[in-house]
Amino acid sequence: MTSDTDGAGRSTNGQVTEELDAVVLGAGVAGLYQLHQLREQGLRVKAFDAAGDVGGTWWWNRYPGARFDSEGYIYQYLFDEKLYKDWSWSQKFPGQPEIEQWMHYITDRLDLRKDITFGTKITAAHFDEERGRWTVHTDRGDVVDTQFFISCAGMLSAPLKNIEGTDSFSGELAFSSSYPAEGLDLAGKRVGVVGVGATGIQIIQTIASEVGHLTVFARGPQYVLPMKNPTYTKDDQDWYKSRFEELRSTIPHTFTGFEYDFEHTWANCTPQQRQDILEEIYQDGSLKLWLAGFGEIFFTEEVSEAVSEFVRAKMRDRLKDQHLIDTLVPTDYGFGTHRVPLENGYLEVYHQENVDLVNVRDNPIAQIRPEGIELSDGTVVDLDVIILATGFDAGTGALTRIDIRGREGRSLADEWGRDIRTTMGLAKHGYPNLLTTAAPLAPSAALCNMTTCLQQQTEWISGAIKDLKADGKTTIEPTAEGEDAWVAHHEELVNATLVPKTTSWYLGSNVPGKPRRLLSYIGGVGTYRQKCDDEAANGYPTFTRT
């Protein structure tokens with residue numbers, strides 16, 4: 001096809017500027033690996049990313065204190081032993097600058113940069129039923145004709161910016177999800193942080209000693225676990241690298257894609273044994289208490305309350321002050337039914353003389369004014385800097401902010417605005433050749449080590465495309481019956497747990513009007529993998545391939 005283009009080869013009249021086999025949305029952990037796999041198949045493929053370079057989450061989230069809460073040696077690609085062993089982490093839970101360096105290492109080793117277009121947002125993708133192909137538009141005038149449109153946009157990549165008056169503030173204001181790479185000068189200033197989720201916690205504990213005065217605006221209290229983050233020696237690095245085959249064979253099959261799994265059964269332990277196990281795992285300084293303690297915390301009220309009270313007691317012992325306890329220690333939901341952040345001295349921050357804690361559950365933020373933050377009762381907190389860690393439109397937001405239209409012009413944003421449905425989180429009925437990672441109803445950030453799940457999902461997509469071509473087919477789409485069956489399976493699992501009794505971004509509760517559904521598959525990473533493998537081995541029975 002030909003068209004009028006500008007000097008950069010972009011369309012000036014809306015006509016196609018490039019023909020590809022696949023367009024990949026995103027150049028983070030999933031996007032890089034997806035790009036690599038499809039290139040290995042010999043496909044013409046290109047990735048587009050709004051960021052200025054590779055990294056996805058680790059490019060955008062440059063806020064103070066950003067770091068892994070998965071151990072670095074399992075947050076890695078496992079498809080290439082040499083690629084794995086040629087990188088050495090300096091800590092158990094590395095920080096954002098080192099993580100971003102690792103992403104560059106991967107990109108350069110696999111020579112991926114030449115097939116990535118940065119600084120470019122995909123704004124629309126429309127499916128042409130007659131030709132069985134997608135037309136993808138970008139904000140820079142690209143119009144790409146492609147057979148497959150693959151989303152690797154990430155589960156937590158659509159930030160919420162729902163506080164009024166942000167443009168009116170006379171000081172410096174930053175969202176944690178787009179924190180300036182050069183940082184902010186916080187020394188001696190009056191700084192306000194809104195939000196005490198995992199991101200807010202990392203920011204608060206990092207900047208409290210630097211600012212003149214810190215005001216934390218807290219709404220939903222979080223269970224937290226202390227992080228132990230040793231610096232790695234050469235011996236430590238050799239130790240985890242020597243375990244490559246062990247990790248590659250076990251991690252993809254555990255419940256959460258971590259190296260550890262649930263080892264204990266509440267009913268088989270005496271009260272003293274339970275206490276001893278909780279104490280031992282708590283001292284590990286990782287997410288092990290959540291993801292490898294007693295699995296009954298997700299199913300049994302009695303066990304959930306006992307473990308929750310164990311963690312509450314640990315938090316109360318560190319906080320002491322009743323106002324802090326009332327604001328920061330959860331009492332209305334069970335441990336592990338929300339995201340559990342790791343922290344390092346976070347609770348002790350609130351004992352500093354230069355730190356104030358404002359409870360905005362009963363006195364919410366009304367708006368941001370030129371001088372600071374105004375609460376509903378009219379109180380105004382004067383500030384020089386505001387940092388907003390206000391969360392994401394998880395799971396769906398990255399794609400509903402794009403004009404995606406499938407067969408008969410149906411809109412993905414409209415459909416997910418009514419009911420959030422997918423088949424295995426990998427595809428959506430009515431949208432042939434739209435394949436997705438970290439999408440609703442697949443294991444994702446809520447209940448999975450992300451590299452484990454993203455590797456599996458991109459590998460399944462690559463295999464599905466390879467099988468499609470080998471069989472002389474051109475499109476793949478879930479059947480309506482297949483999608484109904486997966487949603488029913490998902491809901492049966494969810495309703496057997498305590499998770500639906502809580503309110504969190506896990507269920508979209510942080511976005512007004514969003515349909516309520518657990519966004520992440522809760523049946524276990526290993527179980528999900530087996531179901532995906534069975535689908536492919538049996539010839540994709542819940543898909544139509546034409």
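Computed from heavy atoms alone, side chains included, the values below leave out hydrogens, waters and symmetry copies. A quick note: this is a predicted structure, and the numbers were derived from the prediction, not measured.
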For the residue pair [X] and [Y], categorise the inter-ring angle as parallel (less than 30°), tilted (30 to 60°) or perpendicular (more than 60°).
X	Y	result
Tyr240	Tyr73	parallel
Trp87	Trp89	perpendicular
Tyr282	Phe310	perpendicular

Between [X] (side chain) and [Y] (backbone), is there a donor-acceptor pair under 3.5 Å?
X	Y	result
Thr422	Pro440	yes
Thr502	Val499	no
Tyr431	Ser411	yes
His338	Thr503	yes
Glu343	Tyr346	yes
Ser88	Gln237	no
Thr231	Gln91	no
Thr107	Met103	yes
Gln455	Thr451	yes
Thr300	Val303	no

Would you mind reporting whether [Y] and [X] have side-chain heavy atoms less than 4.5 Å apart?
X	Y	value
Thr57	Leu156	no
Tyr521	His490	yes
Thr256	Cys448	no
Tyr33	Cys152	no
Val143	Val136	no
Phe392	Ser177	yes
Tyr506	Ser520	no
Ile116	Lys46	no

Taking [X] first and then [Y], would you say they form a salt bridge - that is, a charged N and a carboxylate O separated by under 4.0 Å?
X	Y	value
Glu309	Lys314	no
Arg405	Asp403	yes
Asp393	Lys514	yes
Arg67	Glu98	no
Asp362	Arg219	no
Asp384	Arg190	yes
Glu415	Lys428	yes
Arg517	Asp419	yes
Glu305	Arg312	yes
Asp53	Arg113	yes
Glu348	Lys320	no

Pairs flagged by salt bridge (charged side-chain N to carboxylate O under 4.0 Å, His left out) wherever residues 157-186 is involved - sequence neighbours left out: Glu172-Lys189
Any pair counted as ring-ring contact (aromatic ring centres under 6.0 Å, His included), so long as it reaches residues 193-228, sequence neighbours left out: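 Every ring-ring contact (aromatic ring centres under 6.0 Å, His included) pair that includes a residue of residues 193-228, provided the two are not neighbours, is Tyr223-Tyr333, Tyr223-Phe335.
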Just verifying a value: how many Å separate [X] [atom1] and [Y] [atom2], rounded to the nearest 0.5 Å?
X	Y	atom1	atom2	answer
Thr497	Leu518	OG1	CG	7.0 Å
Leu388	Leu173	CG	CG	4.5 Å
Leu25	Ile122	CG	CD1	4.5 Å
Glu259	Ser70	CD	OG	10.5 Å
Gln96	Trp60	CD	CH2	13.0 Å
Ile325	Arg316	CD1	CZ	7.0 Å

Does a donor on one side chain sit under 3.5 Å from an acceptor on the other, for [X] and [Y]?
X	Y	answer
Thr120	Arg140	yes
Arg516	Ser509	yes
Asp356	Thr215	no

Would you name the heavy atoms of [X] and [Y] that are closest together and state the gap between them?
X	Y	result
Gly257	Ile74	O-CD1, 4.3 Å
Lys121	Ala50	CG-CB, 3.5 Å
Gln222	Gly220	NE2-O, 3.2 Å
Phe258	Leu287	CZ-CD1, 4.1 Å
Ile281	Gly293	CD1-CA, 3.8 Å
Ala174	Leu184	CB-CD1, 4.0 Å

Intermediate values then yes/no, side chain to side chain contact (heavy atoms under 4.5 Å, CB included), Val358 and Val216: CA-CA 6 Å; Val358 177; Val216 176; over 6 Å; no
Given ring-ring contact (aromatic ring centres under 6.0 Å, His included), test Phe255 with Phe262 step by step and report yes or no. CA-CA 8 Å; Phe255 187 79; Phe262 293 107; 5.7 Å; yes
Report, as yes or no, whether the 6.0 Å neighbourhood of atom [atom1] on [X] holds more than 12 heavy atoms from other residues, nucleotides or ligands.
X	atom1	value
Lys501	NZ	no
Gln322	CD	yes
Glu280	CD	no

Going by the side-chain contact (heavy atoms from CB on, under 4.5 Å) test, name the single residue among Tyr179, Tyr63, Phe175 that passes it with Ile387.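 When side-chain contact (heavy atoms from CB on, under 4.5 Å) is applied between Ile387 and each of Tyr179, Tyr63, Phe175, only Tyr179 qualifies.
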Apply the test side chain to side chain contact (heavy atoms under 4.5 Å, CB included) to residues Tyr528 and Gln456: give CA-CA distance (whole Å), side-chain angles for both, the deciding distance (0.1 Å), then the verdict. CA-CA 10 Å; Tyr528 174 83; Gln456 182 267 328; 3.1 Å; yes
For the residue pair Phe68 and Trp58, is the inter-centroid distance of their aromatic rings smaller than 6.0 Å?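 Judged by ring-centre distance (under 6.0 Å), Phe68 and Trp58 do meet the cut-off.
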Is the terminal nitrogen or CZ of Arg62 (NZ for Lys, CZ for Arg) located under 6.0 angstrom from the six-membered ring centre of Trp59 and within 45° of that ring's axis?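 Output yes; distance and angle both within limits.
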